[in-house]
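Per chain, numbering begins at 1; letters A, B, ... match sequence-line order.
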Amino acid sequence: MGSKTSIDVDSGRPTYASDFIKHDIEEAVFLGHPALDNLVNTVLALSAEVWANRRRGRIVEALLKEQGITAEMIENYRPSAEDEAEWDADRARFVKATLRPLMRNGRLPIETDYDDKS
Amino acid sequence: MINRRSLIAGTATLAGTSTLAGREAAAATEGLLDLEPRGSLGRMERMPDLMLESLHDYTAGFRKWHREASRMAGQRVMQIFKENGIDPNAPRSTQEVLELIGKDPVVAMSGRLWLSNQQVTWSAIEDRFNAEADRYLEEMESYDKRGPGTLELNPEMTIPDHTAYEIHIQPGGYVGHPFAGHLYHYGTNSFYHGIYGEGNVQDEIHAGSANKLPLPADGKVKRILDLGCGIGQLAQGLKARFPDAEVWALDIGGPMVRYGHMRSVDLGLDINFVQRLAEDTGFPDDYFDIVASYLAHHEMPEAVSKQVFAEAHRITRPGGYYYPIDFRSGRQARRRRTAYGEFRRWWDHRWNGERWSYEFHGMDFEGEMEKAGLILQPDAPEVLRGFGIRHGVKV
């Protein structure tokens, strides 16, 4: 297990916190390769963020409903040409950012030198 | 508390544009800085922003779902044992079980997902409070010397290593993070979704336990101690039940008792919080009518547990009792434990930061209470559903 360490926060006030023994969870590999564990961490974090945004959307819709804008109106909304253009560009950016990394065809193990790329 | 209609009308200040709105202005006139940018839900101050609350909502939902993932992993384990012609109920060393199932993708993924969710749980809260550390520390400072109740902090005391681990992989553990109380309170609310399928937002689980604790035989309850109190939720339940009693709450975590005191002041509960060791409380002999603890012993080494039993016996008056609420273990351990159950217990100890839980489950808990002089009362009530009966009277 880790050695003792401490946490600093941006304040000059007393915190009454003490040194503690850091857990080594950041070094755990359960799925055979650290990149796989990291990927699951990212997937879960993304999943949480997506839900958080969906929940916010529900709140916004609930408030809009109080003002007479219904879920049916949202369902039936017809984007304008300007909406479509803007959203298409955002969609392209989002899809590329999230999926392009999966297509990477890495082949060089870490020990490969400059002249040895056969 | 933000007014939603005036929000739409544009006449109110948006809470999101000022992270320190809400009751701050009103509380400031009383000398207390009470930061509740989004108000409260009953006893629980809402998380300071919607994003954090929504991330936490996710983690609670995850915990409910993960019971299914864990069942699937358990079924996979049974399948592996069957494929290998091994009896899953036969006693087996942890190492053997690890070799058999540790690398199975379904089992490994269940564990990985659980820990990833745990890490999201903590990091979201930590980042939020750290971002305004000075303001939230100022808030706690404004409560430190205020009543009702009192707060005793001992920043110069030696903090023993056994208390300094990151239990539940909570950043800094109970002693090492300035906002340990905030982390613990908001984070563990999510835990209860995985155990009972519901949260503990109104401290209802602690209140339920406080209400079920038996009276001493003579009915006299003048002084009570919550030993290893964390943020004092059991103490708060006990003070509500026994408003005329002198209630003390003890924990080694300075930030934990500090947060507990702050919350108790907000709740109007007169509780004396002290930062001391459970195995060396400093209280006089025969001082308390009731000493209770809530899920404390599985977070201390066996040797310290024994010291705590002895200390609890010493400070309890004859006729009073010590009731250490904790996981079923020792003579009350569930009789049949599968190989997967053993694996999960080890895994929880190793990767979920339950540093001492393995020792706890191997200890003769009731026997050690008896050795300390506590007379067990097997007919006493189970004060936390599924956690057994540990009522030890001092004669």
Side-chain angles (χ1 to χ4, degrees), chain A residues 1-70, chain B residues 4-5 7-8 50-55 57-59 61-62 102-103 105 108-109 111-113 115-120 123-124 129-131 133-138 140-141 153 155 159 161 164-166 169 171-180 253-255 257-258 275 351-353 355:
Chain A
M1 198 58 60
S3 53
K4 275 189 156 175
T5 185
S6 60
I7 288 174
D8 288 324
V9 291
D10 186 14
S11 172
R13 298 177 189 274
T15 65
Y16 301 98
S18 316
D19 289 351
F20 64 96
I21 298 169
K22 186 113 190 83
H23 195 281
D24 56 1
I25 184 61
E26 293 291 339
E27 297 175 65
V29 176
F30 296 123
L31 301 172
H33 193 288
L36 289 174
D37 282 69
N38 295 345
L39 200 56
V40 172
N41 272 352
T42 286
V43 165
L44 191 114
L46 275 172
S47 182
E49 296 277 340
V50 166
W51 171 249
N53 277 295
R54 284 173 70 97
R55 189 169 181 267
R56 188 180 189 94
R58 286 180 179 275
I59 291 168
V60 171
E61 288 184 26
L63 289 169
L64 287 171
K65 188 178 176 183
E66 290 181 4
Q67 302 302 311
I69 297 170
T70 63
Chain B
R4 296 187 309 181
R5 295 191 197 300
L7 165 65
I8 297 297
L50 177 58
M51 187 63 173
L52 179 59
E53 180 185 279
S54 300
L55 285 172
D57 186 73
Y58 174 88
T59 65
F62 174 91
K103 287 189 170 48
M109 183 61 78
R112 176 73 266 174
L113 280 169
L115 282 172
S116 299
N117 185 70
Q118 188 81 316
Q119 289 176 292
V120 165
S123 65
F129 285 99
N130 280 2
D134 189 69
R135 197 70 167 136
Y136 282 103
L137 286 171
E138 184 184 1
M140 285 198 282
E141 261 180 35
L153 292 165
I159 305 293
D161 281 359
Y165 288 86
E166 291 184 310
I169 57 172
Y174 300 148
V175 304
H177 200 294
F179 302 116
V257 294
R258 202 180 185 204
Q275 180 192 8
W351 295 114
N352 188 33
R355 178 68 181 83

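- For the pair B:P178 and A:I7, the tightest heavy-atom approach, listed with the atom from each and the gap, is CD-CG2, 4.1 Å.
- Of the atoms belonging to B:Y174, not a single heavy atom falls under 4.5 Å from chain A.
- Side-chain atoms of A:E26 and B:Q119, non-hydrogen and from C-beta on, do get closer than 4.5 Å to each other.
- Interface remark: of the candidates B:G111, B:G254, B:P255, B:P255 forms the most heavy-atom pairs closer than 4.5 Å to chain A.
- Note on B:G172, B:G173, B:P155: by heavy-atom pairs under 4.5 Å with chain A, the leading option is B:G172.
- Using a 4.5 Å cut-off between heavy atoms, A:D19 contacts chain B through its backbone alone, with no side-chain atom that close.
- With a 4.5 Å cut-off on side-chain heavy atoms, B:L113 and A:F30 do not count as touching.
- When each of B:Q118, B:R258, B:Q275, B:M51 is scored by its heavy-atom pairs under 4.5 Å with chain A, the top score falls to B:R258.
- If you measure heavy-atom distances from A:T42 to chain B, you find no contacts under 4.5 Å at all.
- For the atom pair OG of B:S54 and CG of A:N53, the computed distance is 8.5 Å after rounding to the nearest 0.5 Å.
- Interface remark: B:M140 contributes no atoms to any contact with chain A (heavy atom separation under 4.5 Å).
- Using a 4.5 Å cut-off between heavy atoms, B:L153 contacts chain A through its side chain alone, with no backbone atom that close.
- If you measure heavy-atom distances from A:S18 to chain B, the contacts under 4.5 Å come from both the backbone and the side chain.
- Of residues 10-17 of chain A, those residues lying under 4.5 Å from chain B by any heavy-atom pair are A:D10, A:S11, A:G12, A:R13, A:P14, A:T15, A:Y16, A:A17.
- Of the listed residues B:L52, B:I169, B:V257, the one with more heavy-atom pairs under 4.5 angstrom with chain A than any other is B:I169.
- Looking at A:L36, neither its backbone nor its side chain comes within 4.5 Å of chain B, counting heavy atoms on both sides.
- A 4.5 Å side-chain heavy-atom check between B:D161 and A:K4 finds at least one atom pair inside the cut-off.
- Between atom OG1 of residue A:T5 and atom CD of residue B:E166 there is a gap of 9.0 Å, rounded to the nearest 0.5 Å.
- Smallest separation of non-hydrogen atoms from A:A28 and B:W351: CB-CZ3, 3.5 Å.
- No other option in B:L137, B:N352, B:T59, B:V120 has as many heavy-atom pairs under 4.5 Å with chain A as B:L137.
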